[in-house]
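Chain identifiers are assigned alphabetically (A, B, ...) following the order of the sequence lines, protein sequences preceding nucleic acid strands; residue numbering begins at 1 within each chain. Keep in mind that this is a model prediction, so the values were computed, not measured.
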Amino acid sequence: MNHYDSIVIGAGHNGLVCATYLAQGGQRVLVLEAADTPGGLAAGREFHPGFHASVAHSVNHFSAKVASDLNLAAHGFEAGADGHSIVGLGTDGAHVVAGAGALHNASDKDTAAYDEYSALLGRFAKALEPSWFRTMPRIGSLAVGDLMTFARMGLKLRLLGKKDLQEFMRVASLPARDIMDEYFEDETLKAALSWDGLIGSRMAPRSPNSAVLAMLYRMSGQAASVKELVNSLSGAATASGAEIRTGAPVKRVVINGDENGLGVGGVELASGEQITADRVISGADPQTTFLNLVGVEHFDIGFTNRIRRLRCNGLVAKLHLALDGLPEFEGLDRPGGRMIIAPSMDAIEFAFDDAKYGQCSSDPVMEVTVPSLDDDTLAPAGQHVLSAHVMYVPYELKGGWTDAARDGIRERAIDTIARYAPGIRDRILHSEFLTPADLERDYRVTGGHWHHTEFAMDQLLMMRPTYGAAQYSTPIPGLYLCSAGSHPGGDMVGAAGHNAAQEILR
Amino acid sequence: MSHYDAVVIGAGHNGLTNAAYLARAGLKVVVLEKNDYIGGAAVTRELHEGWKYSNCSYVCSMMRQAIHRDLDLARHGLILVPYLGTVNFGDGDERLIAYHDAEAAHLELMRHSRHDADAMHRLETDLTRYSQLIRKTLMRTPPDPTSFKPRDIMELLWLGKKFWSLGEKELYEYVRFFTMSAAEFLEDYFENDLIKAAMASPGIIGTALGVESPGSAYILLHHVMGDVDGSIGAWGLARGGMGAISQAIASAAQAAGGEIRTGAGVQKVLVEDRKAVGVVLENGDEIRSDIVVSNLDAKRTFTQIMDKNDLPDGIYDKAKNFKIRGSSGKVNIALSGIPTFTHLPDNPYVTRGGQTFSGSLETMERAYDCWKRGTWSDDPFVESVIPSAWDPTVAPPGQHWMSNFVQYCPPKLADGPWTPEKRDAFGESVINKIERYSPGFRDLIVHMEVRTPHEIENEIGLTEGNIFQGELTIDQLFFNRPFPGYGQYRMPVKNMYMSGSSTHPGGGVSAVCGANSAREILIDLRKPNTVPEDDFYDE
Amino acid sequence: MSSQDRFAGERPRPSPFYPRQKELNIRDAWASWNGYKFADYYYDAEYEYFCVRNLCATYDITPMQKYEVKGADAEAMLNRMVTRDVRKIGLNRVAYCLWCTDEGRMIDDGTIFKLADDKFMLTCGSPCTAWLKMSSFGFDDVSITDVTDDLAALALQGPTSCATLKKMGLEGIENIKPFEIRMFPFHGDTLMVSRTGFTGDLGYELWIQPGLALQMWDELYAAGEDYGIQPYGEAATNMTRLEAAFIMPAMEFNEALKTVNLNHDQTPFELNLGWLVDFKKPHFSGRSALLEEKKRGPKYTLTKLDIEGNRPAEGAWIYSDKRCKKHIGYVTSAMWSPAVKANIALAMIETEHLDGDLWAEIYYEKELRHYGRVAKCTKQDKPFWTPARARQTPPDDY
């Protein structure tokens, strides 16, 4: 009979990581992917004949531990030496570059401040890093294991020393704007450095509480190529014995129950096929998992409400350009790294203000990369792909998303790029613009949200996605979460998949 | 030259409270006030003959009854009177009346949304739960989590136990609540926008955050955790205006032997051998003392009246980076009669309450967007109250004075410095807003005083006119207030303390900062404590 | 505001029966319930109580919250919300239900009327709109309408209630069984009658659209004249319900969503309502917590007490010894029962001490002198008042 120890729903990177660990642990594992290729939001997308892009366009902090545990190197994974540098584009071609632990092209004062800033944040990031790879304790629990996790986290921070710890207590909840203002003077630099505190979230530079944590979260791990990472994860999963079935959308999780409670029976595919398993691990976002795949009738009302109130509306749109040649950005020899188009923190803030009211900004801010620079298989020879994360684009546009509305914001985004790369319009063979609503439709992720649900302090750590489901297990025995909606959150890290597998194998 | 046991810089209500408790412990204390009148922001001033304006703070809820009772403030002339509910004005003709009577209030909510009327019970329960816990921390000195001293560890354990007693579910809800925006928090309860706006309005008062900014839910709680006679969330007026509170505390301080000098601005804190030894007045006089207590805000204390060289490394920068943002304005108006408002019954239980011109969440947030851009909204959020409808002492009979608190007003304008013309234009935006709901309002105006952050700072010395002496964000709350490591009222220079709202528990006419600070000073001096413990009505 | 009455927003609203009640409320003893003006008593509480036990009397239950729950998913939605198996409620039957938080703490109790396979009515004492909305989230085909103001309701309780309704012309009324619903044509509309009530006695509840409320009242009172019909208020209701050992919010239980302190609310097992919790039905809110509590046993148990003497034990503490050393519980409701001639009470008592001695420390006042006594309590298994007619079909005429 077709029975598995574990079924993983979704072959996103976390699903693959989780499946591989489980298979390595001796389980018979099946990964079910709705799309025709694995990768989730990192899967390749041929948006124009011969031109490929992926929604996740760079891997900046993939877990070194996961890469080594799963022996991804044997499947083609290669860690980038020092990550993708951040390039703050200046209007006059005066760009400031932050990469390899130093600033380039910045004022002396900012360069000196950057050393101090990156050293401090580096120490914080290091102290926090182990927490990303650990199941969060239940705060009401008095279990020894939970208390130990707390104690370890506290000790790690305490080991920073009194001075650093005091500074951590102050800085950890600062808005991006405040910490930038404290250290730096150049507006372009401040905007570029605050980017990692904001992207993917409903936050702008003035929003307190979560930006610094987001920055610190993004300061560990390794950079890599998206395509290589997805391929190596699929390779590792298959090599470990996990089975991956693509083009197999799951319709629902089969729930069994008797007077002692509920349990998981397996899944039913959209095709009607039923597959049984001891446990089902969902790589889908929490709302999709609990509300659509399982159904509210199997959960308590308060729990369902906590899932309902998760904030899942994405604010990042994706722009893909097929170019007939390398785009020329003023003042740059080569359009490498992550180029941030945001002249100031106010520019980001004001773009956000429009989105708060369901409108698209007239001056969007964005992160631009040219992935075909490093991977010539993404575009025909001599031609290139430009990929941009555009903020802030509301999931629910006032008046609804229409083709005209989408074209409008796409053109504004291209115009904005053209301010820095004046000739780019003449090079465009084709363009594609994916709003959060489009991402939801194409990638089955609620709200088109990067992190499945907001990366905000009230939805982090032992509250991610909500208590009762924050330790990867859920109220239904045998049903688990393993993805961005769980601790520690989104981006291509692999931590959630890793942690979920450890919980299951415990 | 006289020598004092302690000088307190600034006769705001916290400074006076601090002095009162030090004097009660037998210390020779002097309070030095730069203005010719005392009270700081808890002040009553006759700026137009016959009208007494509480021209800064205007209502009171956080004043701890333990202090009120202990300092015998009633005997020193103070009575706090709860005022009836507030009317919330929507963007259009919608009105939400917060009736004092619970069932009437429920019916009124039902008129807007049956769902929300029901959900209000849950919100009130939850806010009461959150308030009850935080109220217990008010009159306690926050523990230093980086310290291994027995007292800090014991206090942390006490705090842990209190949190634990919430139960697992509420513990999570509480933690969650602390970091959210007011708008997100309320989304879990309500569907009607006017009700949301009404409930969110305490979340923006005095802060440089919007209803959509994470952290504003805490600001909301900060404004509802007070009580009048045990009724949590209720607000009251001081008979005679807010200055009556300062006067009563001053009277208590003087009765205990404390001295108060007005017109005595402090130019500099004297530091010798890393110890505070006294102050130099603006007139050049030197006053020596064993203890120096600054009731000024943290930024002003460390960047204006102290020499950078007298401070340990890093403190000056922390003070410079201390977030104390001007975000509020105040328009005080003398009226020839009681204003009437459209779409409201002529019911004294309604008209004797307050008026909140909140509009909708979007209106409030857009006003914040203007502030971010260095300007003011022409559709501002205004919280008004007409104390003369309750208090016969603040305006001539039949005439009234109206306090209008405005959120937001920028400390610095994008188009250059504040000028009297711009100030008046800002005042006009408020009059226009009220006139929209009260046609003919303008004609009732006998006199008015417009206060932007600029006026507030210049007159009473609050940096940028921030009413809390520093933003109430997590990085500046509890043991982080004013800075991590200095949350226990002792400052980086020996023998120097702070007693103002820059310290725990923050802004509000609570008298708690001053009392807590006095307790810590007395501990250091090994004197018997004169500061009472709080009283919670068996919460 | 259009109303001429400047205090309109503050006044309790009249029920559709108010014009008649006003004439009969000769003591002007008004209270309010859910915003409705509502009689505490009309003439004399004890007299009204005896009308319920001896004749028949009406109680205005219009202020009770009424929700119509409709749609293909209505049954599933309610079944996830309440602890009883809604699938087992027969058509035109009423079931007493309760619902809990995830933690198994009781939010409220009420009755579910099954009016069609996809149409139910839920009634309860306090507004429940927000919880119903939360409960219905995720169910596609269910609509919930608050029909409180659209349905006037009157309880008719007491031994002559069936005879009165028969005389009023409700044909076959004598054949409807306890918890059964029947529709009667009434002036071109429908009069819904359920054999339900809050008195533990023979009784009915009448449900009618507000426009016909006075008509119904008049016909009912005309028919009941020979049977001693009389309105009764909150005070007599509280007496009759206590004799029947029915629980009241804010007396026996604190609604969970309005409870500030941890575990100051109650669970069904603590309230002795474990029989309403069905673990064999599909998942319902609070199930896991309740299953655990069932295994562990409730901390408290609501207990029916017969207390020696005749001083009502209102607010009394319960001890396991006469010297009042060991405090084990507290009385939630107490009174002298005129029907049973006993000093009765409901009390929350720590389950582990339930089998030992129970003593109530009672304080009372006599001409401004205050006295105390410790009275022995005897546990009762059955409700204090359980007349056979309450269950008989057809019941006797008096």
Checking N480(B) against chain A: side chain, backbone, both or neither under 4.5 Å from a heavy atom? side chain
Segment of D317(B) engaging chain A (4.5 angstrom heavy-atom cut-off): neither
Quick one: what part of M462(A) sits under 4.5 Å from any heavy atom of chain B, side chain, backbone, both or neither? both
Under the side chain to side chain contact (heavy atoms under 4.5 Å, CB included) criterion, do M180(B) and Q459(A) qualify, and how do the steps go? CA-CA 10 Å; M180(B) 314 185 68; Q459(A) 301 191 161; over 6 Å; no
Does any backbone or side-chain atom of K318(B) lie under 4.5 Å from a heavy atom of chain A? Answer side chain, backbone, both or neither. side chain
Short question: side chain of R176(B), backbone of M463(A) - any donor-acceptor pair under 3.5 Å? no
With a 4.5 angstrom heavy-atom cut-off, which part of F350(A) approaches chain B: side chain, backbone, both or neither? both
Part of E362(B) lying under 4.5 Å from any heavy atom of chain A: both
When the 4.5 angstrom heavy-atom criterion is applied to L209(B) and chain A, the contacting part is side chain
Residue part contacting chain B, namely of R170(A), when any heavy atom lies under 4.5 Å: both
Is F148(B) close to R158(A) at the side-chain level, that is, under 4.5 Å between some pair of heavy atoms? yes
Taking Y357(A) for the side chain and R366(B) for the main chain, is one N or O donor matched with an acceptor at less than 3.5 Å? yes
Please look at R308(A) and chain B and tell me whether the side chain, the backbone, both or neither of the residue comes under 4.5 angstrom of a heavy atom of that chain. side chain
Indicate yes or no: at least one non-hydrogen side-chain atom of N209(A) is less than 4.5 angstrom from one of I474(B). yes
Counting only heavy atoms closer than 4.5 Å, note whether R481(B) contacts chain A via side chain, backbone, both or neither. neither
Chain B heavy atoms under 4.5 Å from M457(A): which part of the residue, side chain, backbone, both or neither? both
Please classify the contact of K323(B) with chain A as side chain, backbone, both or neither, using a heavy-atom distance under 4.5 Å. side chain
So which part of S181(B) gets closer than 4.5 Å to some heavy atom of chain A, the side chain, the backbone, both or neither? neither
Answer with side chain, backbone, both or neither: which region of F177(B) has an atom nearer than 4.5 Å to a non-hydrogen atom of chain A? neither
Pick from K356(A), R311(A), R309(A): which one makes a salt bridge (charged side-chain N to carboxylate O under 4.0 Å, His left out) with E184(B)? R311(A)
